[in-house]
Asks: 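Can you keep this structure in mind? I'll have questions shortly.
Just so it is clear: chains get the letters A, B, ... in the order the sequence lines come, proteins before strands, and each one is counted from 1.
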Amino acid sequence: MIEVKNISKSFDGKTILHSVSAQFKDGLTNLIIGQSGSGKTVLMKSLVGLHTPDQGEILYDGRDLLKMNNSQKKELRKEIGMLFQGSALFDSETVLGNVMFPLKMFSDMSYEEQLERAHFCIKRVNLVGADDKYPSEISGGMQKRVAIARAIALNPKYLFCDEPNSGLDPKTSILIDELLVDITHEYGITTVINTHDMNSVLGIGENIVFLNKGHLAWTGNKDQVYDSDNETLNDFVFANDLFKKVKKYVNLTNDK
Amino acid sequence: MLKKSLESFGRYCIFMWKCMSVPDKWREFFRRYVQELLRLGIDSIPLVLIVSVFIGAVCTIQMKLNITSPLLPKYAIGMTTREIILLEFSSSILCLILAGKVGSSIASEIGTMRVTEQIDALEIMGVNSANFLVFPKIAAFVSYIPVLVVFCMVTSLFGGYLICIVTGMVSVDVYIYGLQTMFTPWYVWYAIIKSLIFAFIISSVSSFFGYYVEGGALQVGTASTRAVVTSSILILLMDVVCTKVMLQ
């Protein structure tokens with residue numbers, strides 16, 4: 001489990017995160033949601049150590065990231081996989097090269113074992129046959145899947161995904177969401193997903209952390225979203241007519 | 001202005017400290033080293049060849065046109081061409097040209113990796129990104145530059161030789177005699193030593209500008225331009241220092 005306690009972060013005197021505390025649970029898809037500028041990305045980058053919070057604690061199964069020395073951080077990072085918004089695949093490497101990269105850098109496996117593991121991960125994300133293609137030769141959805149395969153190559157305990165659905169069509173978004181849920185449950189990973197895609201929120205949000213203007217505004221799961229009387233959350237999640245109708249329908253069904 | 005320059009220099013020193021640590025995996029380092037050797041070094045040979053042959057030819061023509069005193073022997077044309085090539089062209093001018101090609105290539109490559117979060121991806125994996133990306137580039141370019149310098153010397157003098165054959169403005173025998181007259185081997189070493197310093201400047205400064213890019217494609221372009229300009233100025237500055245220290 002990842003726990004953040006009273007995290008605050010400012011840039012040039014402007015406070016982005018105001019004493020945020022939250023828990024991200026094992027084996028669940030944990031979502032960080034909120035409007036643009038609400039501090040989602042800053043929170044996620046703080047969680048993975050790309051930003052250093054001004055105060056607070058970030059506990060990875062009790063280990064405080066902010067009190068770790070460099071070698072401890074390096075060890076922890078081997079347990080972390082991350083999927084970036086733009087996939088962040090290495091342009092100079094093929095699909096296979098990208099997936100094998102963490103294995104080459106951090107595992108003691110032989111070349112054959114690395115190859116076997118990489119092929120397993122590529123198969124797991126349904127990309128068989130794309131081994132020799134370069135990132136520029138595949139679609140955005142395929143790039144995301146390669147990034148997921150690379151992120152899970154070292155069997156991470158924690159998986160972070162920054163806007164995994166951005167730039168994808170609805171069908172591919174759902175495929176990516178399903179893949180993330182399956183992987184999370186299959187390997188018992190603590191998955192933290194940063195999103196403002198409402199399909200994801202209502203589809204895969206097993207633990208949701210809602211940020212509003214840098215403050216923690218609500219926590220719960222996808223089912224509790226429908227019952228919530230938090231106005232800011234309702235305004236955000238059910239902003240469009242379709243979702244308003246969905247909420248009405250779900251509430252009616254629940255009442256019956 | 002001064003404060004900003006000092007801050008940049010401080011960041012550059014910290015960046016270099018990060019770059020020059022022991023690689024996580026030597027095997028991966030050597031793989032990247034060979035790749036960079038091909039990209040930065042061997043791929044520069046055609047450019048060096050074209051520039052050198054033409055400049056060598058032009059130098060010879062200029063010497064012929066400007067050495068008009070009857071007191072000076074004809075072999076002075078070959079001799080002065082050789083001195084220009086060895087002392088300045090094959091190291092300083094060549095490195096200024098390479099700062100444009102290699103420097104902009106390094107800065108834009110690393111800058112693009114920064115803005116597309118590839119560097120963040122490396123950092124999150126626990127890879128020392130500066131060391132992983134930059135050290136092989138510096139090592140490859142610095143170790144290959146002597147080859148380019150010697151190649152430049154040979155092809156430039158060959159350019160002069162060709163122009164003698166084509167135009168007949170100087171006899172080939174006199175030109176070759178001039179090349180051999182009062183030859184100082186130290187000048188070759190001087191050019192190589194200077195070029196090692198310049199190669200370090202080009203690769204490290206360009207990497208620095210690329211590594212700290214913030215923004216998007218526009219900023220990558222700006223960083224690339226700044227990398228070339230700064231490298232060129234530093235090369236000229238170090239050229240003065242090296243000439244003073246090594247030739248006096």
Asks: Side chain, backbone, both or neither: which part of A/L89 has a non-hydrogen atom closer than 4.5 Å to chain B?
Replies: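 Contact with chain B is through the backbone of A/L89 alone.
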Asks: Check each atom of B/D24 against the heavy atoms of chain A and say whether the ones under 4.5 Å are side chain, backbone, both or neither.
Replies: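 Side chain only.
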Asks: How about B/W186: does its CH2 atom have over 12 heavy atoms from other parts shown lying under 6.0 Å from it?
Replies: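 Enclosed.
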Asks: If you count heavy-atom pairs under 4.5 Å between each of B/I119, B/I124, B/T116 and chain A, which one has the most?
Replies: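 Sorted descending by pairs with chain A, the first entry is B/I124.
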Asks: Could you tell me whether B/R39 atom CZ has more than 12 heavy atoms of other residues or ligands within 6.0 Å of it?
Replies: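 Enclosed.
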Asks: Check whether more than 12 heavy atoms from other residues, nucleotides or ligands sit under 6.0 Å from atom CZ of B/F132, and answer yes or no.
Replies: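 Result for CZ/B/F132: enclosed.
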Asks: Could you check whether atom CH2 of B/W26 has more than 12 heavy atoms from other residues, nucleotides or ligands sitting under 6.0 Å from it?
Replies: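 Result for CH2/B/W26: enclosed.
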Asks: For A/K78 and B/G126, indicate whether the former's side chain and the latter's backbone hold a donor-acceptor pair under 3.5 Å.
Replies: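 Not a single qualifying donor-acceptor pair exists.
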Asks: Quick one: what part of B/R32 sits under 4.5 Å from any heavy atom of chain A, side chain, backbone, both or neither?
Replies: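 Neither part.
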Asks: Any side-chain heavy atom of A/K104 sitting closer than 4.5 Å to one from B/K25?
Replies: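 They are not in contact (no side-chain heavy atoms under 4.5 Å apart), so the answer is no.
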Asks: By a 4.5 Å heavy-atom criterion (distance strictly below it), what part of A/D91 contacts chain B: side chain, backbone, both, or neither?
Replies: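 For A/D91, heavy atoms of backbone and side chain both lie under 4.5 Å from chain B.
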Asks: So, B/E123 and A/K45, do they make that salt bridge, N to O below 4.0 Å?
Replies: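 Looking at A/K45 together with B/E123, the answer is no, because their closest N to O distance does not fall below 4.0 Å.
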Asks: So, do A/F90 and B/M113 sit near enough that their side-chain heavy atoms are less than 4.5 Å apart?
Replies: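 Yes, their side chains come closer than 4.5 Å.
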Asks: More than 12 non-hydrogen atoms from neighbouring residues, nucleotides or ligands closer than 6.0 Å to CG on A/N69, yes or no?
Replies: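 Yes, CG of A/N69 has more than 12 neighbouring heavy atoms, counting only those of other groups under 6.0 Å.
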Asks: In terms of heavy-atom contacts, does CD of B/E7 have more than 12 from other residues, nucleotides or ligands at under 6.0 Å?
Replies: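 Result for CD/B/E7: enclosed.
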Asks: Against chain B, work out which of A/K73, A/E75, A/Q85, A/R150 has the most heavy-atom pairs shorter than 4.5 Å and name it.
Replies: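 Between A/K73, A/E75, A/Q85, A/R150, the count favours A/R150.
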Asks: With only heavy atoms counted, which part of A/F160 is less than 4.5 Å from chain B, the side chain, the backbone, both or neither?
Replies: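 It is neither, since no heavy atom gets under 4.5 Å.
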Asks: Quick check on A/Y111: does its OH atom have over 12 non-hydrogen neighbours (other residues, nucleotides or ligands) under 6.0 Å away?
Replies: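 For A/Y111, atom OH is not crowded (no more than 12 foreign heavy atoms under 6.0 Å).
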Asks: If you take all heavy atoms of B/E117 and A/G86, which pair is closest and at what distance?
Replies: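 Nearest pair, atom of B/E117 first, then A/G86: OE1-N, 3.8 Å.
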Asks: Does A/E116 CD have over 12 foreign heavy atoms under 6.0 Å away?
Replies: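 Incorrect, the count does not exceed 12.
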